[in-house]
> 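Sharing a structure here in structure tokens format.
We number each residue from 1, following the sequence as shown.
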Amino acid sequence: MAPHDRTPPSDASGAPDASELVDFAVDLTSLEVLRRAQVMAALGPDWDPMEVLLGEEAAYDLLYSGLDAEQQRLYDDLVAAGVLPSRGDGRAAA
């Protein structure tokens, strides 16, 4: 195909001629390693994943605490539908 052609050649059915297609692949392995290294550097040496996880769990407990009857019903419906994960005994924290 000449560089000035706007459409790839096609066969009699109108389908692109597969012999003209070029395999294109990009190996992102080195870029992914660099990205992960940059993320870890940005988090810093004091980052504690267990502390973060426990903080998130405490935040969810607080988020779903003190629900009134209608909110509790909605929460239970969302858990039953699989939208929210079940927490503890299946009831929002009091």
> Are Leu28 and Phe24 connected in a single hydrophobic cluster, I mean Ile/Leu/Val/Met/Phe/Trp/Tyr linked by side-chain heavy atoms less than 4.5 Å apart?
yes
> Can you list everything that forms a salt bridge (charged side-chain N to carboxylate O under 4.0 Å, His left out) with Arg73? Sequence neighbours excluded, please.
Glu70, Asp77
> Please determine whether residues Leu74 and Tyr64 belong to a single hydrophobic cluster, defined as Ile, Leu, Val, Met, Phe, Trp and Tyr linked transitively by side-chain heavy-atom distances below 4.5 Å.
no
> Between atom OG of Ser86 and atom CG of Asp76, what is the distance when rounded to the nearest 0.5 Å?
9.0 Å
> Quick one: side chains of residues 47-60, donor-acceptor pairs under 3.5 Å with protein atoms, not counting sequence neighbours, listed by atom name and distance.
| from | atom 1 | to | atom 2 | distance (Å) |
| --- | --- | --- | --- | --- |
| Asp48 | OD1 | Met50 | N | 3.2 |
| Glu57 | OE1 | Arg87 | NH2 | 3.0 |

> Side-chain heavy atoms under 4.5 angstrom apart, residues restricted to Ile, Leu, Val, Met, Phe, Trp, Tyr: same cluster for Val39 and Leu31?
no
> Using only atom types and a distance under 3.5 Å, with no angle test, would you say the side chain of Glu32 pairs donor to acceptor with the backbone of Thr29?
no
> Would a single hydrophobic cluster contain both Met40 and Leu34, if residues Ile, Leu, Val, Met, Phe, Trp and Tyr are joined by side-chain heavy-atom contacts under 4.5 Å?
no
